[in-house]
Structures are given as C-alpha cells and as structure tokens.
Amino acid sequence: MDFHSIPDVFKIKQLIHQKKYLVGGALKDWNGPTSEVFSTISTTPDYAPTLLGSIPLLEKEQAMEALEAASIAYNKGQGLWPTMKVADRISCMEKFVTQMKTKRTEVVKYLMWEIGKNLKDSEKEFDRTVDYIYDTIDDYKQLDRTSAKFHKHSGVYAHIRRGPLGVVLCLGPYNYPLNETFALLIPALIMGNTTIFKPAKLGVLLLTPLMEAFQNSFPKGVVNILFGRGRTLASPIMETGKIDVLALIGHSNSANALQNTHPKKNRLRIVLGLEAKNPAIVLPDADLDLAVKECITGTLSFNGQRCTALKILYIHESIFEAFRDKFCTEVDALNFGNPWEEGAMLTPLPEPNKPDYIQGLIDDAISKGAKVLNRKGGQRTENYIYPSVIYPVDKSMNVYHEEQFGPVIPIMTFSDIQKPLDDMAESNYGQQVSVFGKDTKTLAPLIDSLVNLVCRVNLNSSCQRGPDVFPFTGRKDSAFSTLSVRDALRSFSIRTFVAAKDNPYNSEILKEMLEEKQSNFISTDYLL
Ligand code: G3H
C-alpha cells in the first residue's frame with residue numbers, strides 16, 4: 001500500500017508529539033523522557049511501521065502530583081465537586097460532551113492508526129461513547145428524581161441518596177481505548193468522585209484532541225491524566241493507600257497486583273472488567289447458517305481482540321462436519337485490509353508481537369495433535385496472522401486455557417452437553433456464553449444451568465457487551481462489580497443518608513433547610 005491510496009482525511013500529515021499532561025486543572029509541559037508511538041500499519045512498499053508521534057513517559061513524581069491534585073479536589077468530601085448540586089455536575093458533563101463531539105473525525109482516525117480498528121467499528125466506538133455519556137446524564141437525573149424524597153419508618157425520617165466514594169484510579173484497555181475507559185471515567189465523575197486516569201499502552205494519541213475539553217469542563221483536579229507505564233505510575237499511587245476505587249478494564253493479573261499494593265484493603269472498592277473465554281455451544285438442531293454467521297462475528301470482529309469475543313467453540317459431533325465446512329469457507333472469505341478500506345473485517349494487529357504469540361498457540365496445539373482446518377489459517381504478513389480454525393482441541397493445549405485475544409479459533413466437539421457445562425464450571429472465567437439451537441425442551445434446562453455459570457446467555461447470537469444499558473459483568477476472574485449505564489452509577493457510589501427522629505424540633509430544621517435550599521444533599525427539588 002502506498003501513501004496515496006489512503007483517503008486524504010485519514011492521512012497522517014503531521015506527527016503528534018504530545019508533551020502535555022493534565023494535573024490540578026493545568027495542562028503541564030513535560031520535558032523528560034518520551035516514548036515514540038508507532039502504528040503497525042505500513043505506508044511504504046517494503047513493510048515499515050508508521051511513526052505517529054510520541055507521548056510523555058511520566059515518572060513517580062508526576063503520579064504523586066496527580067494523586068495530590070485529585071485528593072485536594074475531593075478535599076475529604078468537602079471539595080467543590082463532591083458537594084456540588086447535581087444540576088451543576090451535569091452542566092460540566094454536558095460542556096465536555098459538546099466539545100468531544102467536535103473531535104469525532106480526529107479521534108476516529110487515531111483509533112484506526114493506533115489500534116487498527118476498522119472505520120465502521122471506530123465510528124461506532126466514538127458514537128457509542130457519546131451516547132453512553134448522554135444516557136448516563138439521563139440516568140443520573142432519574143436517580144436524583146427517585147432520591148428527592150423522605151422515607152419514614154419506626155418514627156425516623158430518612159433522606160437517602162448515593163454519594164461519591166473519593167479518589168478513583170481509572171485504567172482502560174487498548175482494545176476500546178475510548179469507550180471502555182470512558183465507561184469507567186464518566187460514571188465515576190458524575191457521581192462526584194475525583195479521578196486519575198492513565199490510558200493503556202496503545203490507543204493514547206487519540207486522547208490528545210480531548211485534553212482541552214477535560215481541562216475546561218471540570219473544576220481543577222477533578223480529572224487528572226497521566227501518560228506512561230503502569231508500573232511507574234499506578235503502583236506508587238496505589239501504595240499510598242489514598243485511592244478509594246480502582247477502576248480497571250484489563251487483565252486479572254494487573255488488577256490483582258495493583259490491589260495487593262494497596263495497604264487499606266477495606267477502603268479500596270474495585271470495579272473490574274477482566275478477561276474471558278466465552279464459549280459458543282452449537283446444538284444438533286441449530287440453524288447452521290445463523291450459527292456460522294454469529295460465530296464468525298463473535299470470534300473475529302476486531303480480530304478477536306474483545307473481552308466478549310467467542311474464544312472457544314463447542315460443536316455437537318452430529319453436525320461437526322457440516323459446521324466445519326461452512327465455517328472454514330466463511331473464515332477464508334474474510335477480507336484483510338487497512339482499517340479505512342471498504343469491507344476490511346480483518347485488520348493489522350496493533351501489538352507487534354501478537355502474530356508470534358498466536359503462532360505459538362497454533363504450534364503448541366499442532367504438536368499435541370490438532371490441525372489447522374482452513375486453507376488460509378496461519379498465513380503471515382508483517383502485521384498479521386490469518387485466522388486459524390484449530391481442531392481437535394483438548395485441555396493439554398495452551399489455546400484451550402489462554403485468552404488468545406487474537407485471530408485463532410479453537411474448536412471442540414461434544415456428544416453430551418455435560419462436557420461444555422463441566423468445562424465452564426471448571427474455568428476461571430464466567431462472563432458470557434452463546435447457545436445455538438431451537439428445541440425448547442433442550443434449551444430451557446440448559447439455559448437454567450448456564451445462567452449460573454456466566455452472567456449473560458446469548459441465544460442464537462454471538463456474545464457482546466451492548467446495548468450498554470444492559471448489565472455487563474462476569475463471575476470469577478472475568479469481572480468485579482457491574483457496569484451498565486445504571487449499574488455503573490451504583491458501582492461508583494455508596495448509599496448515604498440523613499436520618500432524623502420525627503419530632504417538631506427536627507421537622508422545623510429540615511423544613512427550613514428545604515425551603516431555603518441551603519443543602520445540596522437534602523433537597524426535594526429534582527431535574528426534569
Ligand atoms: O473488550 C470487551 C468489550 O467490552 C466488548 O464490548 O461486546 O461491545 O465489543 P463489545
């Protein structure tokens with residue numbers, strides 16, 4: 001591919017040397033070490049990664065500065081932001097999203113270059129995030145409306161609301177650097193917490209166009225943005241014991257390591273979206289065309305780099321051959337291309353070492369008796385390895401256990417449904433499952449068991465997080481806390497209330513506070 005074949009709007013005409021980080025309301029200049037940002041997409045006849053720019057490699061001192069700024073902004077619960085009226089916090093969020101919408105083209109362009117997500121999915125990620133912010137605002141208003149009252153029980157009045165938890169450390173993943181990160185950051189903020197946010201190792205420059213909007217939309221210290229390595233920045237922050245919530249979408253190893261460094265275990269709340277190994281179970285009476293179509297989407301959208309991706313397929317042995325033939329034909333018909341190319345479902349892998357890792361899984365499985373079933377499986381270019389359908393897979397193979405997060409599709413067959421059920425029960429993961437079939441006498445008891453092994457059973461469709469209003473969570477090493485628009489508001493807050501015995505003395509005080517609108521917490525006004 002040469003430079004001229006890239007549509008003008010997506011060309012990298014200028015490098016972004018991001019020199020600033022946001023702390024205490026100021027976009028500060030960084031003159032220390034930086035890290036170059038490359039795209040694995042090549043624009044030259046001989047393969048070469050494309051330089052996109054650079055980001056600061058901040059150090060412990062800046063991490064401490066951000067923690068200090070977030071703590072001052074929270075100010076032991078007395079800060080402007082945690083005590084602010086609901087309507088005023090919403091205005092700040094609206095100001096932010098209004099500016100964010102103007103940056104769509106730029107953010108979408110960097111989603112494509114930095115993580116190789118195709119144009120359609122990059123646009124979807126941006127639009128879905130904007131919708132998420134508006135839905136969060138609406139849900140927060142609803143929460144406020146339902147809280148704007150007094151309860152009375154056993155002679156005690158209670159005015160119950162949800163309050164913030166404190167300082168939130170927010171760490172997002174590379175595969176959804178905008179959506180998943182904002183799905184943590186936005187609810188944390190709107191509930192009155194202050195935040196320190198560090199983007200993942202990839203998908204960082206796409207935040208540059210939003211830095212000013214963060215700076216000018218929220219009071220100082222409410223949003224602090226750091227760039228650099230997790231070990232240098234996040235670990236020292238956690239070690240202080242001053243973080244109230246660890247919000248992380250990523251791997252359970254990182255989540256566990258970070259939790260372990262926090263000295264005040266009961267102070268720390270955790271909101272985690274972690275890895276998964278979602279299976280598809282294809283029953284003998286499944287509509288095969290539908291099952292194949294959904295398994296293609298489930299295993300290979302964004303090259304399988306989704307926590308919700310289907311990562312292992314269980315096919316009933318009576319239909320295995322028919323499924324295999326259709327599935328392999330469909331896999332081999334998928335188009336590989338650069339993210340902006342029409343119909344490119346398979347796109348360059350953003351991690352330079354990913355093709356080797358996937359190759360390692362394939363080699364390991366082959367050495368233990370599996371075969372690559374599809375013709376194009378395992379074909380390599382500098383930035384890609386074509387999806388391999390691997391069969392028969394068993395528990396001795398790494399691809400059975402590991403979350404591959406890339407284009408390789410392990411298949412197992414079964415004759416007794418107890419086999420996938422036992423495997424799921426034994427697994428460390430428990431996010432979602434897809435079941436393909438029709439006979440309700442089989443499906444009903446199966447669903448009754450599956451809902452107790454995972455947190456979403458997808459009937460005749462692939463696994464996915466959306467729509468974002470539905471609960472997104474998992475069992476075991478797959479998640480902690482629930483994220484949906486509504487649940488996230490709860491995950492980042494705690495019920496707190498004012499209680500008063502029902503007597504004329506207290507009633508007079510409460511009445512005066514309400515009439516004169518003296519408290520932002522005790523209030524029966526609500527937003528429409
Ligand atoms: O990486 C995990 C994402 O939450 C998946 O979301 O199912 O909408 O792609 P998605």
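Note: hydrogens, waters and symmetry copies are ignored here, and every other heavy atom, side chains too, is used. Atoms within a ligand are numbered from 1 in the order they appear, just like the ligands themselves.
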**Lys NZ or Arg CZ of K117 over Y176 ring: under 6.0 Å, within 45°** =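 Yes, cation above the ring, under 6.0 Å and within 45°.
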
Acceptor/donor pairs from residues 187-194 side chains to any protein atom, 3.5 angstrom cut, sequence neighbours excluded:
| unit_1 | atom_1 | unit_2 | atom_2 | d |
| --- | --- | --- | --- | --- |
| N193 | OD1 | L165 | N | 2.6 |
| N193 | OD1 | G166 | N | 3.0 |
| N193 | ND2 | A188 | O | 2.8 |
| N193 | ND2 | F492 | O | 2.9 |
| T194 | OG1 | A70 | O | 2.8 |

N/O to N/O under 3.5 Å, ligand 1 against protein:
| unit_1 | atom_1 | unit_2 | atom_2 | d |
| --- | --- | --- | --- | --- |
| ligand 1 | 1 (O) | N175 | ND2 | 2.8 |
| ligand 1 | 1 (O) | C307 | N | 2.7 |
| ligand 1 | 4 (O) | E180 | OE2 | 2.2 |
| ligand 1 | 7 (O) | R306 | NH2 | 3.0 |
| ligand 1 | 7 (O) | T308 | OG1 | 2.7 |
| ligand 1 | 7 (O) | R465 | N | 2.6 |
| ligand 1 | 8 (O) | R128 | NH1 | 2.8 |
| ligand 1 | 8 (O) | R128 | NH2 | 2.9 |
| ligand 1 | 9 (O) | Y176 | OH | 2.3 |
| ligand 1 | 9 (O) | R306 | NE | 2.8 |
| ligand 1 | 9 (O) | R306 | NH2 | 3.3 |

**Message:** Could you check whether any side-chain heavy atom of K95 comes within less than 4.5 Å of a side-chain heavy atom of F218, counting everything from C-beta outward?
**Reply:** no

**Request:** With sequence neighbours excluded, tell me which residues meet ring pair (Phe, Tyr, Trp, His ring centres under 6.0 Å) with F323.
**Result:** F327

**Request:** Could I get the full list of side-chain hydrogen bond (donor to acceptor under 3.5 Å, both in side chains) partners for S396, not counting sequence neighbours?
**Result:**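 In terms of side-chain hydrogen bond (donor to acceptor under 3.5 Å, both in side chains), with neighbours along the sequence ignored, S396 is linked to D394.
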
**Crowding at CZ, R380 (>12 non-hydrogen neighbours, <6.0 Å)** =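 Count over threshold, so yes.
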
